[in-house]
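First the structure, in the form of structure tokens, and then the observations on it.
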Amino acid sequence: MLYKSTRGKIKNVPFKDVLFSGLAPDGGLYIPEKLPDPELFDIGTFSEKKYEEIAQIILKPFVGNLFDDLQFDNITKKAYSKFKIPNKCELVSLSEDHMLLELFHGPTYAFKDFAMQMIAQMFQEALKKIKKSINIIVATSGDTGAAAVNAFRNLENINLFVLYPNNRISEIQKRQMTTVDSSNIKIFSVDGTFDDCQTIVKTIFNDANLSKKISLTGVNSINWARIISQVVYYCFAASRIDSQKKINFCIPTGNFGNIYAGYIAKRIGTNIDKLIVATNLNDILHRTITTGCYLKDKVYKTHSPSMDIQVSSNFERLLYDIYKKPNIVNKQMEELKSNGFYQIEDNSLSKLKEDFSSGVATEEETLSEILNVYKKSNIAICPHTAVGTFVSRKFLNNNKVMITLATAHPSKFIDSVQTALGMTIVQPNEMKELYSKKESVIDAPNEVNFFKNILSKES
Ligand SMILES: *Cc1c(COP(=O)(O)O)cnc(C)c1O
């Protein structure tokens with residue numbers, strides 16, 4: 001399979017180059033030249049198959065011939081080896097025809113593990129082939145960094161640099177990164193916000209000489225390989241549901257990565273009706289789907305910090321799909337840059353609404369939803385998941401099954417969950433042990449040159 005950019009200037013790119021790059025050179029995002037034909041996947045047979053098998057079937061056409069069968073087998077085996085349950089994810093019933101898809105049984109207790117473990121193994125295998133080493137730099141608001149540290153620790157030919165905003169991530173998230181002792185990983189606590197970290201990373205990527213010299217690589221959620229790794233659990237979950245019933249998925253959303261994977265799952269033939277965007281107060285996507293106007297607001301700090309984001313990068317991929325014209329994508333991205341907004345025209349918006357619906361949960365609604373679910377179903381959910389279940393309630397429908405994605409383990413956001421429940425909850429031992437482990441972290445100023453200096457010493 002070959003890939004092209006949403007901005008139209010880059011075409012016929014093999015998966016190998018897509019895997020190791022964040023943005024396409026014209027500033028756009030990579031998408032397939034053409035999605036595979038649904039018949040290729042034989043989705044009807046998935047109900048009998050294990051998670052790993054489904055992963056191989058889904059991923060293969062996207063990855064193409066970069067790996068042979070043996071290598072690919074090896075990659076999938078290793079990628080899921082640290083998951084705590086045989087099915088990797090779990091469907092749990094909340095009420096009749098409303099389920100949670102628990103995606104937090106990976107090593108760092110959030111759904112980010114699914115994609116990060118997979119691309120780490122793909123990187124490792126591909127680098128063996130091309131005999132190269134790379135440097136990865138990533139900014140994190142918590143979960144991505146933790147997932148990356150776990151996935152890339154002790155891998156050969158890969159160095160990982162993680163930037164997080166000092167005092168703005170949870171204690172568990174911080175310790176999941178700082179207590180991993182691995183010579184190829186460095187963690188920086190930056191004196192600034194997540195946006196500052198993100199700006200530093202973007203500025204470094206824009207330094208073409210440095211990027212090239214040290215083979216700088218991105219693993220944030222716009223990386224296409226992360227998206228396709230996430231398609232798998234939509235297909236797996238759908239295969240476990242009565243095929244007579246259509247499924248709506250409700251997805252707590254920030255950067256539009258996870259939900260875009262659900263959209264791809266639908267396009268390749270999975271039995272999905274609507275994909276429901278669930279946002280916290282940072283509701284740019286809900287407003288866009290409601291009014292067609294994509295308008296940046298300020299970032300609000302909420303109980304669901306992994307969704308505190310105002311620029312949903314992956315949304316550009318959907319824009320391309322509704323317009324099919326790179327020049328309109330280009331124009332709207334220019335408008336966003338210069339005016340702070342763009343407008344989706346009515347007929348394109350109607351097209352978008354065939355696949356997507358949306359809703360918001362306020363801070364109060366999020367906390368009371370955590371309590372409600374606990375009272376009704378005796379399940380503690382994380383604040384991101386609560387945004388999802390709250391919104392999904394408005395779309396429950398007798399003829400359809402609703403699956404809300406549970407994106408993180410409640411103990412990862414223990415303070416908010418305990419506040420909501422008015423009682424203490426038990427953390428897994430593995431999380432408790434993090435408090436007694438030695439931390440290793442570098443305090444860093446909010447200055448790009450500090451990082452350029454460090455990185456220029458790599459080769
Ligand atoms: C990253 C994250 C999200 C948002 O996912 P996107 O792919 O950015 O939409 C939601 N919940 C949790 C727990 C996360 O870590």
Side-chain angles (χ1 to χ4, degrees), residues 6 28-29 141 193-195 198 220-222 227 248-263 266 273-323 328-369 383-396 402 404-405 407:
T6 48
L29 305 186
S141 58
T193 63
F194 169 68
D195 285 335
Q198 183 93 329
N220 54 10
S221 77
I222 56 171
I227 305 269
N248 287 337
F249 276 97
C250 182
I251 301 105
T253 308
N255 220 355
F256 207 72
N258 204 0
I259 191 164
Y260 185 78
Y263 170 75
K266 179 175 178 178
D273 185 25
K274 282 268 184 333
L275 296 150
I276 300 159
V277 166
T279 74
N280 63 22
L281 289 179
N282 299 289
D283 62 347
I284 183 164
L285 287 168
H286 171 63
R287 285 184 283 112
T288 305
I289 291 170
T290 313
T291 67
C293 183
Y294 186 103
L295 171 68
K296 267 197 273 182
D297 191 358
K298 73 169 191 128
V299 179
Y300 298 93
K301 193 170 176 328
T302 73
H303 288 294
S304 42
S306 304
M307 313 196 303
D308 291 350
I309 181 163
Q310 281 290 338
V311 184
S312 278
S313 312
N314 278 297
F315 195 69
E316 181 172 338
R317 290 193 159 112
L318 185 66
L319 275 191
Y320 182 92
D321 279 329
I322 56 174
Y323 296 135
I328 308 185
V329 177
N330 260 319
K331 185 171 139 270
Q332 301 212 310
M333 290 302 137
E334 283 303 318
E335 286 169 356
L336 182 64
K337 222 181 192 173
S338 50
N339 311 335
F341 77 98
Y342 60 81
Q343 179 73 41
I344 302 171
E345 298 305 332
D346 284 352
N347 53 347
S348 300
L349 189 62
S350 315
K351 204 158 133 201
L352 190 157
K353 285 183 182 171
E354 287 169 17
D355 295 313
F356 294 91
S357 300
S358 66
V360 187
T362 64
E363 288 292 273
E364 264 173 24
E365 286 163 342
T366 304
L367 291 186
S368 59
E369 178 68 13
H384 309 77
T385 307
V387 169
T389 57
F390 178 84
V391 169
S392 58
R393 237 170 266 293
K394 299 181 182 161
F395 295 91
L396 293 180
M402 173 70 77
T404 303
L405 302 197
T407 50

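We're numbering straight along the sequence, starting at 1. Just so we're clear, the structure is a prediction, and the values are computed from it rather than from any experiment.
- Within the 3.5 Å criterion, the main-chain N or O of Gly254 finds a donor-acceptor partner in the side chain of Ser312.
- The backbone N or O of Glu365 lies less than 3.5 Å from a partner atom in the side chain of Thr362, making a donor-acceptor pair.
- Here OG1 of Thr407 is found 7.5 Å from CG of Leu405. Values are rounded to the nearest 0.5 Å.
- Between the side chains of Glu369 and Thr366, no donor N or O sits under 3.5 Å from an acceptor N or O.
- For Tyr294 and Tyr342, the gap between ring centers is short of 6.0 Å.
- Put simply, CD on Glu363 and CG on Leu281 are 5.0 Å apart, with the number rounded to the nearest 0.5 Å.
- Under the 4.5 Å side-chain criterion, counting only non-hydrogen atoms from C-beta, Asn314 is in contact with Leu29.
- A donor and an acceptor atom, one from each side chain of Asn255 and Ser221, are located under 3.5 Å apart.
- The two residues Ile344 and Ile322 have their closest heavy-atom pair at CG2-CD1, 4.1 Å.
- For the residue pair Ser358 / His286, a side-chain donor-acceptor distance below 3.5 Å is found, with atom types taken as modelled.
- Nearest heavy-atom pair, Ile289 versus Lys353, reported as atom, atom and distance to 0.1 Å: O-CE, 2.8 Å.
- Here Ser357 contributes atom OG and Phe395 contributes atom CZ; the two are 4.5 Å apart, rounded to the nearest 0.5 Å.
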Test side-chain contact (heavy atoms from CB on, under 4.5 Å) applied to Ile227 and Arg317, step by step: CA-CA 11 Å; Ile227 305 269; Arg317 290 193 159 112; 3.9 Å; yes

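- Between Ile259 and Phe356, some side-chain heavy-atom pair lies under the 4.5 Å cut-off.
- One N or O on the side chain of Gln343 and one on the backbone of Thr291 form a donor-acceptor pair closer than 3.5 Å.
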Evaluation steps, ring-ring contact (aromatic ring centres under 6.0 Å, His included), between Phe256 and Tyr263: CA-CA 10 Å; Phe256 207 72; Tyr263 170 75; 8.2 Å; no

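- Looking at Asn280 and Asp308, their side chains do bring a donor and an acceptor atom within 3.5 Å of each other.
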Verdict with reasoning, Leu318 to Leu352, per side-chain contact (heavy atoms from CB on, under 4.5 Å): CA-CA 8 Å; Leu318 185 66; Leu352 190 157; 4.0 Å; yes

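- Taking OG1 of Thr288 as the start and CZ of Phe341 as the end, the distance is 12.0 Å to the nearest 0.5 Å.
- For the pair Phe249/Lys266, no side-chain contact is recorded, criterion being any heavy-atom separation below 4.5 Å from C-beta on.
- Smallest separation of non-hydrogen atoms from Gly388 and Ala278: CA-CB, 3.8 Å.
- Taking the side chain as every heavy atom from C-beta outward, Lys296 and Val311 approach each other to under 4.5 Å.
- Side-chain contact check for Asn282 versus Val299: some heavy-atom pair is nearer than 4.5 Å.
- Contact annotation: the side chain of Ile276 never approaches that of Ile251 to less than 4.5 Å [non-hydrogen atoms, C-beta and beyond].
- More than 12 heavy atoms of other residues, nucleotides or ligands sit less than 6.0 Å from atom NZ of Lys394.
- The distance between the ring centers of Tyr260 and Phe315 does not fall below 6.0 angstrom.
- Atom NZ of Lys274 sits about 15.5 Å away from atom OG of Ser392, to the nearest 0.5 Å.
- Annotation for Ser348 and Tyr323: closest pair OG-CE2, 3.4 Å, computed over non-hydrogen atoms.
- Considering every non-hydrogen atom in both Met402 and Cys250, the closest pair reads SD-CB, 4.0 Å.
- Arg287 is not listed as a side-chain neighbour of Cys293, based on a closest heavy-atom distance of 4.5 Å or more.
- Looking at heavy atoms from C-beta onward, Leu319 lies out of side-chain contact with Thr6 at the 4.5 angstrom threshold.
- Distance check, rounded to the nearest 0.5 Å: OG1 of Thr404 to NE2 of His384 gives 15.0 Å.
- Closest approach of Ala361 and Val391 over heavy atoms only: N-CG2, 4.3 Å.
- In this model, no donor atom of one side chain and acceptor atom of the other lie less than 3.5 Å apart for Thr253 and Thr279.
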